[in-house]
Q: 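First the structure, then my questions, so here it is.
Excluded from the calculations below are hydrogen atoms, water molecules and symmetry mates; all remaining heavy atoms, backbone and side chain alike, are included.
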Number of protein chains: 2
Amino acid sequence: MPALSRRERPAKPALTREGIVDAAVRLMESEGLQRVTMRRLAQELDTGAASLYVYVANAYELHAAILDRLLARVDLAPAPDWREGLHRVLRSYADLLFAHPSLARSALSLRPNGPNYLALVDTLLGLLAAGRVPAVQAAWGVDYLLQTATATAAEHAVDTKRDAEAEWQQLSDTLASASADDYPHLHQRAADLVSGTPSERSYWAVDMLINGIIATPTPH
Amino acid sequence: MPALSRRERPAKPALTREGIVDAAVRLMESEGLQRVTMRRLAQELDTGAASLYVYVANAYELHAAILDRLLARVDLAPAPDWREGLHRVLRSYADLLFAHPSLARSALSLRPNGPNYLALVDTLLGLLAAGRVPAVQAAWGVDYLLQTATATAAEHAVDTKRDAEAEWQQLSDTLASASADDYPHLHQRAADLVSGTPSERSYWAVDMLINGIIATPTPH
DNA sequence: ACCTGAACACCGTTCAAGT
DNA sequence: ACCTGAACACCGTTCAAGT
């Protein structure tokens with residue numbers, strides 16, 4: 001009874017790049033980026049993997065498009081103060097990546113250049129300009145502000161198959177038991193290396209980067 | 001003629017964790033980390049993939065062991081001056097990752113804790129102590145010094161299947177043509193965002209981080 | 001104890017053949 | 001122009017059966 005089965009489900013929508021990326025974002029949010037494969041996504045769209053290649057060059061480009069789409073959710077709202085504004089924007093960006101660990105792990109090699117990424121960079125540049133940071137220092141600094149936020153999210157986004165708690169414990173133990181002879185400085189500061197909460201460290205890192213950017217002139 | 005063929009090649013050496021990691025490093029250096037799969041490595045060792053699981057928990061652990069082994073090559077030799085020492089050690093570390101792009105891409109999520117990693121951290125802590133950087137700031141700072149070096153190497157280590165030149169050109173073009181209305185700061189500083197050579201930027205980044213670490217007290 | 005082949009459940013990408 | 005099935009060349013991991 002093809003007529004009936006046709007009425008049971010809406011007609012298969014035509015493939016478009018838009019629709020493919022939409023489905024990819026939904027699949028990423030429900031199953032993680034590692035499940036957003038050409039084959040799995042095609043299955044979701046009720047077609048074959050080969051069909052997607054009309055709209056998407058390869059799996060990498062698909063993943064980059066997902067990140068681009070998600071960056072729309074970063075909160076760029078103005079803050080009372082430029083330094084506070086930097087903290088807020090970068091925390092919003094980091095939170096987004098933390099909420100999508102599998103994406104975070106790929107974000108460093110996915111170099112987005114869509115409108116949402118541009119808006120993010122523009123906002124950060126504006127905030128640094130408001131803080132009277134010299135132009136070139138600000139431009140170079142923005143890269144490292146975003147890179148640190150991305151890398152921190154990526155580091156904390158451990159594969160679901162790995163035991164993050166166990167790995168952390170292992171590192172703590174290794175540091176705590178480091179021999180004073182072989183590793184004198186490590187031995188002395190083992191506790192400091194693992195001190196602070198993740199959010200204390202992130203906040204400190206942003207301040208540290210801002211201070212460094214302000215204090216360090218670029219060559220020529 | 002089994003006797004002959006046995007003499008043609010040396011007897012198949014017994015499997016050991018050591019031997020497996022050795023072979024993995026060789027394979028990584030010749031074909032890239034993406035080729036260091038359980039199956040491909042097993043083939044290299046003239047056995048089946050399943051045999052490796054006696055010595056290695058999984059593919060991730062194997063990759064981490066490779067990184068650990070490679071960190072032995074980082075140059076930790078003393079420098080005339082603590083700041084210069086930091087520059088040298090971090091450049092040596094970054095050069096190592098640059099020389100192995102596929103490893104660089106994975107290095108951020110591979111959290112090594114072998115003796116070579118400990119020696120690297122110990123050396124960085126010692127250099128910061130020589131610079132009279134307060135203990136906790138130094139301990140937190142070391143993480144970001146290594147993270148930035150790793151992330152920079154990872155960013156520049158584009159997949160061989162992708163066209164790094166084309167992607168860079170694309171980003172440059174996007175920045176250069178950013179509308180002054182939508183992205184006022186970006187439009188104004190487009191040139192600054194892509195200025196400087198990679199090594200100028202890396203050197204600046206290390207200075208910037210050192211200055212930030214010195215200038216930023218940790219909470220409590 | 002260690003090693004193996006075979007199996008399970010997957011990948012990205014290409015391409016000739018269809019509509 | 002777009003879509004498809006099938007193929008090619010791969011993956012990680014498990015497990016029963018052997019030595």
Q: Among D:dG12, C:dT13, C:dT4, which is the nearest nucleotide to the side chain of B:Thr47?
A: C:dT4
Q: Rounded to whole Å, please give me the gap between CG in A:Asp46 and C1' in D:dG5.
A: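 So the two atoms are 15 Å apart, to the nearest Å.
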Q: Do A:Arg105 and A:Glu155 sit within salt-bridge range, that is, some charged N less than 4.0 Å from a carboxylate O?
A: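 Not counted as a salt bridge, because no side-chain N and carboxylate O are separated by less than 4.0 Å.
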Q: Taking the C1' atom of each, how far is C:dC10 from D:dA9, in whole Å?
A: 14 Å
Q: Tell me which nucleotide among C:dC3, D:dC3, C:dA7 gets nearest to the side chain of B:Arg39.
A: C:dA7
Q: What is the separation between atom CG on B:Leu52 and atom P on C:dG5, rounded to the nearest whole Å?
A: 13 Å
Q: Under 3.5 Å, is there a donor on one side chain and an acceptor on the other for A:Tyr93 and A:Thr150?
A: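 Side-chain D/A pair, A:Tyr93 to A:Thr150: present.
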Q: Under a cut-off of 3.5 Å for both distances of each Watson-Crick or G-U pair, what dot-bracket string does DNA chain D give, using [ ] for crossing pairs and | for inter-strand pairs?
A: ||.|||||...|||||.||
Q: Between C:dG12 atom C1' and A:Asn58 atom CG, what is the distance in whole Å?
A: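 Roughly 9 Å, once rounded to whole Å.
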Q: Among the nucleotides D:dC2, C:dC11, C:dC3, which one has an atom lying closest to any side-chain atom of A:Val54?
A: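 Of all the options, the side chain of A:Val54 is nearest to D:dC2.
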Q: A:Tyr60 side chain N/O closer than 4.0 Å to the phosphate oxygens (OP1, OP2) of C:dG12?
A: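 For A:Tyr60, the contact criterion (side-chain N or O under 4.0 Å from OP1 or OP2 of C:dG12) is not met.
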Q: Starting from P on D:dA9, measure out to CZ on B:Arg40 and report it in whole angstrom.
A: 15 Å
Q: Measure all distances between protein nitrogen or oxygen atoms and nitrogen or oxygen atoms of nucleotides 14-19 of chain D, and list the pairs falling under 3.5 Å.
A:
none

Q: Write down the distance between CZ (A:Arg35) and C1' (C:dC10), rounded to a whole number of angstrom.
A: 9 Å
Q: Identify, with sequence neighbours excluded, every residue that meets side-chain contact (heavy atoms from CB on, under 4.5 Å) alongside B:Val206.
A: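 B:His87, B:Leu90, B:Ile210.
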Q: Just call it for A:Ser51: base, sugar-phosphate, or nothing, with non-hydrogen atoms closer than 4.0 Å on any strand.
A: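 If one applies the 4.0 Å heavy-atom cut-off, A:Ser51 turns out to touch a base.
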Q: Rounded to whole angstrom units, what separation is found between the CG atom of B:Leu15 and the P atom of C:dA1?
A: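 Going from B:Leu15 (CG) to C:dA1 (P), I get 17 Å.
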Q: With a 4.0 Å cut-off on N to O distance, would you call B:Glu29 and B:Arg35 a salt bridge?
A: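 No, this pair does not count.
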Q: As a quick check of understanding, evaluate side chain to side chain contact (heavy atoms under 4.5 Å, CB included) for A:Met208 and B:Leu209, giving each step before the final call.
A: CA-CA 7 Å; A:Met208 178 271 280; B:Leu209 288 165; 3.9 Å; yes
Q: Please determine whether a side-chain nitrogen of the Lys or Arg among B:Asp75 and B:Arg91 lies less than 4.0 Å from a carboxylate oxygen of the Asp or Glu.
A: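 Judged by the 4.0 Å cut-off on N to carboxylate O distance, B:Asp75 and B:Arg91 do not form a salt bridge.
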Q: Of B:Asp143, B:Val142, B:Leu76, which meets side chain to side chain contact (heavy atoms under 4.5 Å, CB included) against B:Leu124?
A: B:Val142
Q: Look only at the side chain of A:Ser195 and the backbone of A:Asp192, and say whether a donor-acceptor pair between them is shorter than 3.5 Å.
A: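 Yes; at least one donor-acceptor contact below 3.5 Å.
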Q: Nearest-Å distance, OH (B:Tyr55) to C1' (D:dT13)?
A: 18 Å
Q: Taking the minimum atom-to-atom distance to the side chain of A:Ala59, which one of C:dG12, C:dC3, D:dC11 wins?
A: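 Taking heavy atoms from C-beta onward, the closest nucleotide is C:dG12.
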Q: If I take atom CG in residue A:Leu45 and atom P in nucleotide D:dC3, what distance separates them, rounded to the nearest angstrom?
A: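 Rounded to whole Å, this separation is 11 Å.
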Q: Treating A:His185 as the side-chain partner and B:Leu125 as the backbone partner, does any N or O pair qualify as donor plus acceptor under 3.5 Å?
A: no
Q: Salt-bridged, A:Glu44 to A:Arg26, with N to O below 4.0 Å?
A: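 Not counted as a salt bridge, because no side-chain N and carboxylate O are separated by less than 4.0 Å.
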